[in-house]
Amino acid sequence: MAAKATKPVMTDLKGQTLVTLRTLKEKNPAALSTYQSLGGYEQLKRIITEKVKATEIINQVKVSGLRGRGGAGFPTGLKWSFMPRYFDGTKYLVCNTDEGEPGTFKDRDIIRYNPHQLIEGMAIAAYTLGARVGYNYIHGEIWQDYQTFEAALAEAREAGFIGENLFGTGFSFDLYAVHGYGAYICGEETALIESIEGNKGQPRFKPPFPASYGVFGKPTNVNNTESYTSIPWILQHGGQAFADLGVPNSGGSKIFSVSGHVEKPGNYEIKMGTPFADLLAMAGGVWKGRKLKAVIPGGPSTAVLPADKIMSATMDYDGLSKAGSSLGAGSMIVMDDTTCMVKALKRLSYFFYEESCGQCTPCREGTGWVYRVIKRIVDGQGRMEDLDLLTDVCNNISGRTICALGDAAATPVLSFIKHFRPEFEYYIQHGKSMIDGK
Amino acid sequence: MLEIEIDGKLVEVEHGSTIIDAADKLGIPIPRFCYHPKLSVAANCRMCLVQVEKFAKPLPACATPIADGMKIFTRSKATVEAQQSVMEFLLINHPLDCPICDQGGECELQDIAVAYGANASRYAEEKRVVVNKNIGPLINTDMTRCIQCTRCVRFLKEIGGMQELGMVGRGEHAEITAYVDKSVNSELSGNIIDLCPVGALTSKPFRYTARSWELVRRPSIAPHDGLGSHIEVHVKDNKVMRVLPREKESINECWLSDRDRFSYEGLNSPDRLKVPMIKHNGAWVETDWKTALEFAAGQLKDIVNHHGKDALGVLVSPNSTMEEGYLAKKLAEGLGCGNIDYRLRQTDFRMDGKRVGTPWMGCNIDDLGKLDRILVIGSNLRNEHPLLAQRFRKAVDNGAELSIVSPLDNNPLMPVAHKVIVRPSDMVNVLGQILKAMSGLQRLSLCLPPSLNQWLEGIEVRENTQAMAESLAGMGKDVDLVAPRVGIFVGTLALTDPRFTELYSLAEAIGGICGAKGGILPSAANSTGMHMMGVMPTSPTGMHARAMLEVPRKSYLLLNIEPELDCQHAALAKKAMAQAECVVALTAFKSTALDDADVLLPIAPFTETSGTFMSMEGRVQSFAAVTKPFGECRPGWKVLRVLGNTLGLPGFDFNSSEEIKNAIFGGDKPSNVVRRHLNNNLKELVEIQAKIPSAGLQRIGEVPQYESDPIVRRAASLQKTKYNIKPMARMCEALMKQLGVEQGDTVLVKQEKGSAVLQVRLDNHVAMGCVRVAASHEDTISLGDLMGDIEVEKITEDQAQFMRTAIMKALSE
Amino acid sequence: MLSAEAIKKIEYELTKYPPEKRQAAVMSALRIVQMERGWLSQESISEVAEYLGIPEIAAMEVATFYNMYDLEPVGKYKLTVCTNISCMLRGSDEIVSHLQDKLGIGFNEITPDGKFCLKEGECMGCCGGAPLLHVNNTDMREFMTPEKVDELLKELK
Ligand SMILES: Cc1cc2nc3c(=O)[nH]c(=O)nc-3n(C[C@H](O)[C@H](O)[C@H](O)COP(=O)(O)O)c2cc1C
Ligand code: SF4
Ligand code: FES
């Protein structure tokens, strides 16, 4: 049906702790046989045939310290406990593979190199939460990987790991791949649900949360790809073993996507709590022997950190929060000292302006306003008061929108101006960049 | 009850309310744009943000459910800052040219901006411009003004039943539009004008004709259907400029049908009759009131004296006021004549004298939304009762099951659980099946006349009628309801059917078994009132509306009607008027349909007179004139009164419509009288003619909603909508095949002695064996019964040409 | 008229949802028709809406909300270059100007021979391979350089 993924781009796995990408070291990582040779689907079989209690599984997940890998870092075990236990009708399970936040590209590697572990993780979640139907919503742009995943689903269905009456126990779980088609906002879980229903991806106001009103109005659990994919490992090795990989408050290992000005951009699955400096070294350091200027550590919705702040930070929730930003989805965008922060910000504000769904006033109107002002600055028409205006407009967007895209749009503006104000002032005064002189 | 604190005030609110509900009840103002109590909550404008204790971010009051102990601050610094910032965002792309905007002076954005906005805009970039849309003849758009609140989109989807507008594009480029260049066709479309908080959607007919502050607003009652919607008529310089809904939760809520909203254009039509006219040697001559009244009285008296009292026939429009109906009846009685009727579109009068009281809809309008099971018999709901249909939609949204038995399958824009679409004559059989299935389910032995019992015995219950019966009995897919609230309603298509008696009796029997509420859905503003006052044949020899045309009278008195457009049988009506010696017409309009009259007395339409309507739910509602009468025209009751005086009849000395109303209700409280009269039961079961007539084609002579009465017919903008249905021979594919015709073919349609040349049109909403030929149109005035046998014959263009001339000639003779 | 092939594919997508939720398949149905016809004309959108039994405007809302639907012709090959931050940092500007030079067109334009159309894209979730571009929404080309652009243009006949 679909093209099989070719060999992984990344072959240097030194220093990595492979949990969700554990098939990476194998020859044909995406194949069902490969995954099974590593003990794949055994956890699913065990819990279903032994009828392991849902509370027990949720408890393991809680112990593991797994926090949602989609960006918000909400404890997965706790989220699972919100799903109503008794409900007449279909409950749904949704996986969020819609990564479209600049710098984020980890989930793609999971579905193309280790799709079966995700399928097993979702099937376990379905069993635990009593969901009958699941959807994996995949970013529209990674079409080849969507096809890989559909092929893996067919394989799993054939092998009896999803579908009707699994292992003859009467438990059934149908899992389908569905795709987005070019809208970043659909990464937001309620927009994603709207999109599954065949609507525009406009986020819903919460409450009600998906756990009570999700896909087709039914109770739904939404998790990120990496979150689900961690589950089989957690059940195999125990929640504590997962927690022990990381540091307090940040269990496990996690994929960090490193992009931008490094020698070896790519995904690195490392233990939580690893110093940023080590990660940077794994990625071959700043490219062309240049100096580090700044890093956006969790995708543009997290605050940018100047070199000194990030160099002393560790890669975990508390570590990055202490440094003044957040872990987000673990998307490290590395910028060297030739980067003009004004121009970089212009591109980011354009992104949020372009991707705002248009539903609520502050985001729809505010993102356009912000982008136009920054563009005017870049075009040499800036005014000194623009910087305060930008700050003020962003504060007026933040916290007043239906979903977090409003806050996401404000964060880069506020943090760029905060940390690199002189660069902005120079640009306004001289009508050109302090960095590249253009 | 939950206890909360708003602005320091401790209050108790109901479980499940939102902050905005609570504040609204307390009269604490919270600004809003997207929120509307009748629509789903979108929470997208963010104008209603308020500070709530323990929450870092302000919360939208419209979407935030109250929790016990909540402390809400609607005027705190945090709240005001949040609201001001939202206002600033709303205005950056909004034109600030209120003086040239049609909404100026009644704009929610303008009002709230003044109250909650900042002084100067800090926005110095380019403003967005949005291309305008043409969404039809009723609504004007100025989309640059849109603030994307989506009220219009939600209204059409949720209340109108069909998503006709959408927000396309995204982000700042998001625009409200209909699909490509489609227009909005909802028969409730005008409501989005009221809902739009800015000047993006405004009334096309009203556009630029007046500024809101120049208008005087007066309350009235809508005159086109049996709902009795409350309206507010806006008047400038003694002219009706527009009509808006007046909120009345139990009737029209805050909505209005397009017919009630835009029909006012008919009031200002050039057809308005300005002065009395008398026909002199075949030509109309203007005259004064005294002459006209004396002439009319003289003629009427002559006829009665020469040809007997029964030589007169009085036909009264059911859209006339109670006062007019009452005096018309009194006049007929005074002349000793029993020929009077308001049931102009009825053919079957077999139930006359067998009713206990006045038939009505059998429940309150407000109850409809709470029904669990509904059976509608012979009604194209959206055409007959546009706004009432919405109540049924609400019930269905709440989980009710709707069953339909009808010859027409027009989409009611709500899910239909069961339907049987058959020829009108077969509807009787279908109801028989339901009755039989029903009695089986309830294990009841029915007390029915022997002939009926016998007939039922022989009936075979089909699968779909069994399902309908089960639905009405409360059985359901998931759960069975022990005591479902059932409503059974008989609509206009059944009311005009020659087998109305059968349909009605069976509906009543079915309703009896399942304990249903319900009754008839009369189509006019005052049908129920006319029945209660007995504006029907009075003496034992009195003739009903149909008989008066079948056996033509020497003279007619017409109240508010255009005979061939308002009567059941156009050809008979036309002929009867043509051969009469004297036709006295009280009318607001000049009309070719009144060419055969002898004297035209200009009377005031509802906006220019006071009067009373009684709605289908038995509500008696009086209204006052909102403007002075046009030209020389006079309130109908006054004209009838003076006519009575001129005729020298006793008891015609009323000085006001109030006095007449008192006489009607015998000085009692109207609701007391109404309560005594409304009753859908029959004194005795009427023998049912179960045998189904011949298998020939049947006409479905539906009256299109914008042809329903003389005012609407003249409302120019409504006539530009797609509901201006030119009569055609509409039929389903199977019938086309059977008749060997194709879409676009010209056919000769024959009914009794009359015929019409029409085009064939594919319409799969029409039951097999039926041809839908719209009535109340000049193209079909030589045809007969609205629901009757009909023949269709394919003809060539030459033949068509010949026939057209022949028909024209026959008509003018 | 939707092709038999397209209908087959849409029917497959419909199996993923409860039978009464036909609108859910609109995303894939539009995608399927676009892949077959190159772009989505108004007729195409109407046909999809009709097939699924949903209001046309609802299908239009979806078609206009998601970037990858093309509501205008896009030539034989639509090249969508990501210019977002990670790609920008690694020289997407150079890729864009090289493409514009080579093809003689700007963004949202089609070469006179109708072969190529250039689009600016948002993050495609593959930033590890920056700079990158997308051919006809399906074929991801990573680690682009001007040389690789030349090869690509040669490859696309
Ligand atoms: C604008 C926006 C974009 C988002 N994009 C993604 C995304 O691409 N992938 C993802 O998993 N979560 C994304 N999220 C977070 C989701 O809403 C949701 O929290 C997450 O999928 C839950 O899964 P988790 O608990 O496993 O992280 C986004 C949130 C916002 C506000
Ligand atoms: S047109 Fe009016 S009602 Fe509709 S979204 Fe715009 S502002 Fe709201
Ligand atoms: S009225 Fe509450 S958000 Fe619009």
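Residue numbers start from 1 in every chain, and the chains themselves are labelled A, B, ... in the order their sequence lines are given, proteins ahead of strands.
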Against chain B, label [X] side chain, backbone, both or neither, depending on which of its atoms sit under 4.5 Å from a heavy atom there.
X: A/Glu385; value: neither
X: A/Arg204; value: neither
X: A/Thr401; value: backbone
X: A/Ile185; value: neither

Before you tell me yes or no, could you show the steps for B/Glu125 and A/Val373 under side chain to side chain contact (heavy atoms under 4.5 Å, CB included), namely the whole-Å CA-CA distance, both residues' side-chain angles and the distance that decides it to 0.1 Å? CA-CA 8 Å; B/Glu125 322 305 316; A/Val373 172; 3.6 Å; yes
Look at [X] together with [Y] and state whether they make a salt bridge at an N to O cut-off of under 4.0 Å.
X: B/Glu126; Y: A/Arg372; value: no
X: A/Glu365; Y: B/Arg128; value: yes
X: B/Arg170; Y: A/Glu355; value: yes

Among B/Ala174, B/Ala124, B/Cys149, B/Ala43, residue most engaged with chain A (heavy-atom pairs, under 4.5 Å): B/Ala43
Contact class of [X] relative to chain A, heavy atoms under 4.5 angstrom:
X: B/Ile147; result: backbone
X: B/Gln84; result: neither
X: B/Leu90; result: both
X: B/Ala56; result: neither
X: B/Met167; result: both

With the side chain counted from C-beta on, respond yes when A/Val393 and B/Phe89 share a heavy-atom pair under 4.5 Å apart, and no when they do not. yes
Contacts of A/Ser433 meeting side chain to side chain contact (heavy atoms under 4.5 Å, CB included) (sequence neighbours excluded), chain-then-number -> A/Cys340, A/Lys343, A/Tyr427, A/Ile435, A/Asp436
Here the gap from B/Cys45 atom SG to A/Arg364 atom CZ, rounded to the nearest 0.5 Å, amounts to 9.5 Å
